[in-house]
Protein chains: 2
Amino acid sequence: MTTETLAGPIPEVACCAPLVRSPMSAQEAEGLSKVLKAIAEPNRLRVLSLVAARDGAACVCDLTEPLGLSQPTVSHHLKTLVDAGLLAREKRGVWAYFSLVPGALDDVARVLSTAGVSPAAGSPTCG
Amino acid sequence: MTTETLAGPIPEVACCAPLVRSPMSAQEAEGLSKVLKAIAEPNRLRVLSLVAARDGAACVCDLTEPLGLSQPTVSHHLKTLVDAGLLAREKRGVWAYFSLVPGALDDVARVLSTAGVSPAAGSPTCG
DNA sequence: CCCAGACATCGACAGATGTCAATATCTCGG
DNA sequence: CCGAGATATTGACATCTGTCGATGTCTGGG
């Protein structure tokens, strides 16, 4: 058990759900909202930005200073982002390294985008 | 005066701020978070979806039933989305019609996307 | 002029959320 | 085995947020 089961099966963002296409069900909205709520917090946005800036891998101690938050609070935000499927956690020795999950942010972006609605972009693995 | 000044100058999402590019300042994160918080709510996601589905224009009375919410609550959510710059409000007679602000959701999508970081997509009007 | 209907605002309330201090857990070196 | 250091968890607290009922405001018809 490397604390893999954090809070379920990850909300799987909502691959292929253009938002601006057909009326969204309450259930779909709930799932997408979970991921968006994870992103829609100033300090978590900065976390994502900082992780990306450090070549995609950062530990907690790298983030407390630039964020100006306590260590528990940073850990809390990181857990939120991992649960949302946006960050991956890798324990390396004493340190825990967090990295962006490839494509996770892009999935969210694709759902919000209205460009994909018209028949133009061929999204992969979306059948 | 068609009730244009609702709650300020609109957070102007964050045209050209790739999120995954350089460490985001607290101020930038605050602004982007305001728009994302507006989107990151299940019923507001459904509002956007419903408005888009009705050819991009819907009044309050069109939304209360499918959402299962009271009229004041729907008005509240609509105001939040208008303040965030995602919806536009047009008073036509007794009815108030809400429509998607063209490009608003796409701006958010572009900020979240990591695709634009590598030199590939030529984003317009971003100099 | 007055009424009916659509929408906005207000006041109140329960639940969610961000934050920290204190503490627990885990890993490495000696 | 023990201590040091990094991270996770817990408990508490203030604040924010979504919701509704009641009420105010505006427009059009008679």
Asker: Could you state the CD-C1' distance from E41(B) to dT19(D), rounded to the nearest angstrom?
Answerer: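 Computing the E41(B):CD to dT19(D):C1' distance gives 10 Å.
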
Asker: Can you tell me the distance, in whole Å, between the CG atom of D83(B) and the P atom of dT9(C)?
Answerer: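 So the CG-P distance, D83(B) to dT9(C), works out to 9 Å.
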
Asker: How far apart are the closest heavy atoms of L112(B) and L105(A), and which atoms are they?
Answerer: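 Taking every non-hydrogen atom into account, O-CB, 3.5 Å.
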
Asker: Looking across every strand, which nucleic acid part, if any, lies under 4.0 Å from R44(B) by heavy atom: base, sugar-phosphate, or nothing?
Answerer: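 The answer is sugar-phosphate, as R44(B) gets under 4.0 Å only of primed atoms, P, OP1 or OP2.
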
Asker: Between K37(A) (NZ) and dC16(D) (P), how many Å, whole number?
Answerer: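 In whole Å, dC16(D) P lies 15 Å from K37(A) NZ.
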
Asker: Provide, to the nearest angstrom, the distance between the CG atom belonging to L78(A) and the C1' atom belonging to dT19(C).
Answerer: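 Checked: the CG to C1' distance equals 15 Å.
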
Asker: Using a cut-off of 4.0 Å on non-hydrogen atoms, how would the nucleic acid contact of H77(A) be classed: base, sugar-phosphate, or nothing?
Answerer: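 Sugar-phosphate contact only.
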
Asker: Tell me: CD1 of I39(A) to C1' of dT17(C), nearest whole Å?
Answerer: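 In whole Å, dT17(C) C1' and I39(A) CD1 are 17 Å from each other.
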
Asker: Search all heavy atoms of P42(B) against all heavy atoms of S33(A) and return the closest pair with its distance.
Answerer: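 In terms of heavy atoms, the two residues are closest at CD-OG, 3.3 Å.
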
Asker: Mind grabbing the angle between the end helix axes of the helix from dC1(C)-dG30(D) to dG30(C)-dC1(D)? Five pairs an end, 10° rounding.
Answerer: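 End axes: 20° apart.
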
Asker: Among all residues two or more places apart in sequence or in another chain, which pass the side-chain hydrogen bond (donor to acceptor under 3.5 Å, both in side chains) test with T64(A)?
Answerer: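 Checked T64(A) against side-chain hydrogen bond (donor to acceptor under 3.5 Å, both in side chains); zero matches.
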
Asker: Among pairs that include at least one residue of residues 44-53 of chain A, which meet side-chain hydrogen bond (donor to acceptor under 3.5 Å, both in side chains), considering only residues two or more places apart or in two chains?
Answerer: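 Listed by first then second residue: R44(A)-H77(A).
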
Asker: Extract from the structure each pairing of a protein N or O with an N or O of nucleotides 20-26 of chain C at less than 3.5 Å, listing the distance.
Answerer:
unit_1, atom_1, unit_2, atom_2, d
dC20(C), OP2, S70(A), N, 3.1
dC20(C), OP2, S70(A), OG, 3.0
dC20(C), OP2, T73(A), OG1, 2.7

Asker: Between P on dC7(C) and CG on L67(B), what's the gap in Å once rounded to a whole number?
Answerer: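 Checked: the CG to P distance equals 13 Å.
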
Asker: If hydrophobic clusters are built by linking Ile, Leu, Val, Met, Phe, Trp and Tyr wherever their side-chain heavy atoms come under 4.5 Å apart, do Y97(A) and L87(A) end up in the same one?
Answerer: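 No: no chain of side-chain contacts under 4.5 Å links Y97(A) to L87(A).
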
Asker: Report which part of the nucleic acid Y97(A) touches: base, sugar-phosphate, or nothing (heavy-atom distance under 4.0 Å, all strands).
Answerer: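 Since no nucleic acid heavy atom lies under 4.0 Å of Y97(A), the category is nothing.
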
Asker: Starting at NZ of K79(B) and ending at P of dT17(D), how long is that distance when rounded to a whole Å?
Answerer: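 Computing the K79(B):NZ to dT17(D):P distance gives 14 Å.
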
Asker: When the nearest nucleotide of DNA chain D is assigned to H76(A) and to A40(B) on a heavy-atom basis, which residue is associated with the more 5' position?
Answerer: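 Per heavy-atom nearest nucleotide, the more 5' residue is H76(A).
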
Asker: Do any side-chain nitrogens or oxygens of R89(B) fall under 4.0 Å of OP1 or OP2 in dC7(C)?
Answerer: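 So the side chain of R89(B) is outside the cut-off, no N or O lying under 4.0 Å from OP1 or OP2 of dC7(C).
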
Asker: Applying side-chain hydrogen bond (donor to acceptor under 3.5 Å, both in side chains), can you list everything that pairs with S99(A), at least two apart in sequence or on another chain?
Answerer: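 S99(A) satisfies side-chain hydrogen bond (donor to acceptor under 3.5 Å, both in side chains) with no residue once adjacent residues are dropped.
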
Asker: Checking S22(B) now: which residues fulfil side-chain hydrogen bond (donor to acceptor under 3.5 Å, both in side chains) with it, not counting sequence neighbours?
Answerer: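 Partners of S22(B) by the side-chain hydrogen bond (donor to acceptor under 3.5 Å, both in side chains) criterion come out as none, since no residue qualifies.
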
Asker: Look at D83(A) together with K79(A) and state whether they make a salt bridge at an N to O cut-off of under 4.0 Å.
Answerer: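 A salt bridge is present here (some side-chain N lies under 4.0 Å from a carboxylate O).
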
Asker: Take V101(A) and L86(A) through the test side-chain contact (heavy atoms from CB on, under 4.5 Å) and record every step on the way to the result.
Answerer: CA-CA 5 Å; V101(A) 170; L86(A) 296 165; 6.0 Å; no

Asker: Identify, between G93(A) and N43(A), the residue whose nearest nucleotide on DNA chain C lies closer to the 5' end.
Answerer: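 Result: N43(A).
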
Asker: Separation of W95(A) atom CH2 from dT27(C) atom C1', in whole Å?
Answerer: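 So the CH2-C1' distance, W95(A) to dT27(C), works out to 10 Å.
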
